[in-house]
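If you read the sequence from its start, that first residue is 1, and numbering goes on from there. Indexing begins at 1, ligand by ligand and atom by atom, following the structure's order. FYI, side chains are in, hydrogens and waters are out, and symmetry mates aren't considered; it's all heavy atoms of this structure.
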Amino acid sequence: MELCDRNASELAGLLRKGEINSREITESVLKRIDEKEKDINSFVTTTPEMALAQAEMADKIFRKRGEVSPLTGIPIAIKDILCTQGIKTTCGSNILSNFIPTYNATAIEKILEQGAVIIGKTNMDEFGMGSSTENSIIGPTHNPVNTELVSGGSSGGSAAAVASGECVLALGTDTGGSIRQPSSFCGTAGMKPTYGRVSRYGLISYASSLDQIGPIARSVEDCAMLLNCICGHDRLDSTSADVEKPDFLQSLDKDLKGVKIGLPKEYFIEGLDPAIKNNVMNAVGKLEEAGADIIEVSLPHTKYAVSTYYLIATAEASSNLARYDGVRYGFRSDEEISDSLMMYEDTRSKGFGREVKRRIMLGTYVLSAGYYDAYYLKAQKVRNLIRQDFDNAFKSVDCMITPSSPCLPFKLGEKMNNPLQMYLVDIYTVSLNLSGLPGMSINCGTVNSLPVGMQIIGKPFDEEMILTVAHAWEKMRSG
Ligand code: GLN
């Protein structure tokens with residue numbers, strides 16, 4: 001097995017023993033990118049020179065044998081929605097195609113402080129809007145398992161890069177499923193932490209009340225390692241939570257005995273591919289054998305989740321995206337234009353893609369004076385009901401298990417002309433964002449060689465329970 005295919009935890013061990021160095025790992029990753037990138041298209045930008053310089057620095061730290069963090073010298077890919085100082089950050093959009101941030105997102109500062117190696121910026125649906133990484137200015141990211149299929153989205157570039165060995169770890173963001181769904185499609189492990197767990201400072205906003213940054217990796221332990229590094233209170237983000245920061249690695253080997261796992265009955269209904277259901281139920285059965293109690297629960301407002309999400313997300317997006325006007329940063333139309341209104345118009349017409357425009361129109365509509373009460377306010381009320389469903393269900397269980405996606409990875413282009421069908425792919429993930437809850441997708445098997453993801457949902461700020469269950473399953477799967 002090549003170095004780029006090994007887990008971060010294993011590489012960290014080898015680095016400590018001095019058996020390998022970070023330069024070798026970084027070179028192995030860069031070689032894999034050279035071999036695979038033309039077929040997969042995971043990256044908007046790669047930063048080989050900077051990565052090798054960072055690897056050199058990491059190796060110096062190892063030679064000094066000081067206090068070394070587990071991420072030191074490990075190559076990480078970053079979704080192109082997180083601001084990286086001096087590195088182009090496009091959000092997959094023409095409107096930011098020339099944007100070079102002057103500062104780092106807090107999560108980036110943290111991984112750099114720990115001596116990690118940034119390998120590049122990954123492809124995504126424009127501004128995070130999509131479920132297939134097809135809405136990107138650089139074209140789609142292909143699924144490494146089968147390149148005729150989508151990688152999922154919107155963090156498809158990050159998930160595909162992790163799955164193909166083009167990096168060891170990656171950061172994604174999740175507004176309605178964008179870490180969990182591509183993880184399901186590419187067979188990686190990906191976690192959306194509780195809202196407020198990871199600072200959003202420097203994360204380019206799509207829908208601010210839903211957005212979260214999280215880890216994507218090839219193992220649960222690697223996810224825990226990266227989460228340890230990026231979480232924590234940050235005064236630069238007013239919604240960042242000032243809560244205790246556990247060592248997530250400590251939760252991995254806890255016992256499953258007596259852990260109550262809920263199965264929300266509304267998540268196992270028509271529309272779910274029966275083969276996916278079988279895989280998830282098989283994993284649930286194994287967890288039961290290992291000592292967990294399985295309990296059926298009900299989340300009665302689930303049927304409103306997708307509509308509620310697409311009202312709230314588009315409303316917030318239409319407001320957040322108002323800042324791209326060609327004046328302050330990013331692309332500006334170079335037409336001969338006589339007044340500023342025309343300049344805004346032409347810049348936005350040429351700068352945004354179709355899906356983003358669709359959402360700006362939808363969002364502006366639901367916030368408009370005549371429709372605010374009927375749509376936006378109503379959606380906020382239903383959002384509360386959805387959150388209350390979880391509060392009630394969590395009175396009797398410690399976590400819940402559902403499929404991550406109702407379908408397997410689909411063909412490139414298959415849903416591009418049917419936005420509603422594309423939106424329905426998010427049916428199992430959006431409720432967590434609406435409720436601020438943590439959730440993880442982990443592989444639970446394959447159907448026709450395609451990966452199937454299982455979602456584990458936790459109580460607010462109880463990522464530890466999710467990691468315990470996910471790790472228990474992972475051990476059973478590989479053992
Ligand atoms: N697919 C969902 C959307 O298009 C979620 C995207 C995300 O989580 N960024 O809004």
Stepwise salt bridge (charged side-chain N to carboxylate O under 4.0 Å, His left out) check, Arg180 with Asp174 | CA-CA 8 Å; Arg180 292 159 285 157; Asp174 190 312; 2.8 Å; yes
Give the C-alpha distance, both sets of side-chain angles, the deciding distance and a yes or no for salt bridge (charged side-chain N to carboxylate O under 4.0 Å, His left out) between Asp325 and Arg332.
-> CA-CA 8 Å; Asp325 53 12; Arg332 176 190 291 188; over 6 Å; no
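Contact annotation: for Arg359 versus ligand 1, heavy atoms closer than 4.0 Å belong to the side chain alone.
In the vicinity of Asp174, heavy-atom distances shorter than 4.0 Å reach the ligand 1 atoms 8 (O). Ligand 1 places these atoms under 4.0 Å from at least one heavy atom of Gly176: 5 (C), 7 (C), 8 (O). Taking a cut-off of under 4.0 Å to the non-hydrogen atoms of Tyr206, the atoms of ligand 1 that pass are 3 (C), 9 (N), 10 (O). Heavy-atom proximity to Gly130, at under 4.0 Å, picks out these atoms of ligand 1: 1 (N), 2 (C), 3 (C), 4 (O), 6 (C).
By the 3.5 Å distance cut-off applied to N or O atoms, Lys79 is not counted among the residues near ligand 1. By the 3.5 Å distance cut-off applied to N or O atoms, Gly177 is counted among the residues near ligand 1. For ligand 1, none of its N or O atoms has an N or O atom of Met129 under 3.5 Å away.
Counting non-hydrogen atoms of neighbouring residues, nucleotides and ligands closer than 6.0 angstrom, the NZ atom of Lys378 reaches no more than 12 such neighbours.
Counting protein heavy atoms only, atom 5 (C) of ligand 1 is closest to Tyr309 OH, 3.3 Å. The protein non-hydrogen atom at the shortest distance from atom 2 (C) of ligand 1 is Asp426 OD2, 3.1 Å. Protein heavy atom at the shortest distance from atom 6 (C) of ligand 1 is Ser178 OG, 2.8 Å.
Relative to the six-membered ring of Phe331, Lys350 misses at least one condition, a distance below 6.0 Å or an angle of at most 45° to the axis.
Residues Glu126 and Ser93 have side chains that bring a donor and an acceptor to within less than 3.5 angstrom of each other.
Ion pairing of Glu463 with Arg197 is present here, as a side-chain N (NZ or NE/NH1/NH2) and a carboxylate O approach within less than 4.0 Å. One finds no salt bridge joining Glu113 and Lys110 here, because no Lys/Arg side-chain nitrogen approaches an Asp/Glu carboxylate oxygen to under 4.0 Å.
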